[in-house]
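Structure first, then comments.
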There are 2 protein chains.
Amino acid sequence: MESKYRHLYKLLLDKIDKREYEPGDKLPAEGELMEAYGASRDTVRKALELLVQDGYIQKARGKAAEVLDKNKFNFPVSEIASFKEIYRFSSSKPNTIVENLEIVKGDKKLMAALQIGPEDEAFLLERVREIEGEKIIIDKDYFSRKVVENLPLRAAQDSVYEYLEKELGLKIGFAMKEITVHMAADEDYRLLDMGSYDMIVVVKSYTYLEDSTLFQFTESRHRPDKFKFVDFARRKL
Amino acid sequence: MESKYRHLYKLLLDKIDKREYEPGDKLPAEGELMEAYGASRDTVRKALELLVQDGYIQKARGKAAEVLDKNKFNFPVSEIASFKEIYRFSSSKPNTIVENLEIVKGDKKLMAALQIGPEDEAFLLERVREIEGEKIIIDKDYFSRKVVENLPLRAAQDSVYEYLEKELGLKIGFAMKEITVHMAADEDYRLLDMGSYDMIVVVKSYTYLEDSTLFQFTESRHRPDKFKFVDFARRKL
DNA sequence: AAGTGGTCTAGACCACTCT
DNA sequence: GAGTGGTCTAGACCACTTT
């Protein structure tokens, strides 16, 4: 059962996507939405708040909410998204090569990153992403076995997140990402089509469940010319 | 006059910062906060929602809100922040060198970026940021003169955002940022201490006012080894 | 069973913008 | 002055976790 305000949010989002409300247009007033949708003001406001947070509309006192031109902003905005989601808009189909899938334990850096003990095991999944015939990303995922007991190869080849959420029923809560740039390492030259580039963009992610258990650490290494990160931010008050 | 829920938010934030609530601790229940602070449930929940969005606490159904270890996450998280805000935690005082401050018009790339006409003017402000004796960032800011009529040098040397918000009374609404990596250009070698690096991290920002007027475009060029971007994201439902 | 947060409602007052 | 969003309140019912 989906909440009423989330449903209204999706209705409005759909109208914005379909250009029934165009960028620059004013959204109906809260009172009109209440009547049209048969909801209380609080419910309408919750739906609008979601649109604000996602950068679809802008609100200001005394004025009607205005639809923003989200397309000018190039997806994806900042959110937890898997590789498949990120490249859903690219023209050609990206290809994933599983290089390695094994159980590891005892590595000091890993233990620190995943906050596990020396006897705790973790899955290590290494994949190379190929786009338009070029190998440009290495993804090294570590999953704590305390949470992910088993990780079948078919899930690794497809979407790991779909497996975790749909099959294991894990509820992902939040993630921290860190972007830095380094000199390329041996593995980058070995696994990627580096061309004449000698640096690599490193995105480290720490992913937590809804109960704030850390269960995944990912190191994603991107060839610099193909890397792009887009972020939408609101001014804090 | 500050809103009640924002005030409560700051009170709770302060207690978290001062470790009165430590990471892993449970926050008081909504009912307790209502009584302790003399507020309605809705007001308490708005304050808690702000803490959730900022990544200070995690909530889940049926359980009390838990305080997260924000310090593990290294500031800054994703937000619109000026150079001074970003480096407020660094050990040594960063130094800013104003290289150029002029009025420009007619440049095609600029007109497109700021969405202004061929006769509209803009301020161009170029600054170099020096940290621990090394020049590592170039900031090129463009401000539409339709919004920023005058930009005194003292504001450029100090904090431009403070001038815009406090002296001009501008209300900044939101911003889009894009991070990419490129080969270093002549100006990078000329203005920065590039050492042996030959690439540069480019952060482009488009900043909008609360009424969704685009008024600033910034190109920030960082030496790759000193660049770091941290982002906190919640899973979308 | 008790305690917790999630959702929804109805009404009130205020600050601001528009015309 | 009319219309808009921003804040605050009080009460209700539900879903989930904990004991």
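Here is the naming used below: chain letters follow the sequence lines, and residue numbers restart at 1 for every chain. Remember, predicted model here, so these are calculated numbers, not experimental data.
- For A:R45 and D:dG6, the shortest distance from a side-chain N or O to OP1 or OP2 is below 4.0 Å.
- The closest side-chain heavy-atom distance from A:I137 to A:H222 is below 4.5 Å.
- Taking atom CG on A:L48 and atom P on D:dT7, their separation rounds to 14 Å, with Å as the unit.
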Item to check | Footprint string (nucleotides 9-15 of chain C, 5' to 3'): B base within contact, S backbone only, - free, heavy atoms under 4.0 Å | outcome: B--B---
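- Residues forming a side chain to side chain contact (heavy atoms under 4.5 Å, CB included) with B:E102 (at least two apart in sequence, or on another chain): B:N100, B:V104, B:L124.
- Listed by chain and number, the residues in a side-chain hydrogen bond (donor to acceptor under 3.5 Å, both in side chains) with A:K140 are A:E187 (sequence neighbours excluded).
- Between C:dC8 and A:Y5, no contact under 4.0 Å exists linking OP1 or OP2 to a side-chain N or O.
- D:dT7 atom C1' lies 13 Å from atom CD of A:E49, rounded to whole Å.
- Summarising the geometry, the separation between CD on A:E2 and C1' on C:dG6 is reported as 14 Å, rounded to the nearest angstrom.
- Rounded to an integer number of Å, the gap from CG of A:D211 to P of C:dG5 is 16 Å.
- Taking the centre of each ring, B:F123 and B:Y142 stay at or above the 6.0 Å mark.
- No side-chain donor from either of B:E32 and B:Y37 sits under 3.5 Å from a side-chain acceptor of the other.
- In terms of phosphate contacts, A:K59 brings a side-chain nitrogen or oxygen within less than 4.0 Å of OP1 or OP2 of D:dG6.
- For A:A64, the side-chain atoms get nearest to D:dG5 when compared with the rest of D:dC8, C:dT4, D:dG5.
- A:E32 places its CD atom 13 Å from the C1' atom of D:dG5, with the value rounded to the nearest Å.
- Although no hydrogens or angles enter the test, the distance criterion places no donor-acceptor pair under 3.5 Å between the side chain of A:R41 and the main chain of A:G31.
- If you measure from atom OH of B:Y37 to atom P of D:dT7, you get 13 Å, rounded to the nearest angstrom.
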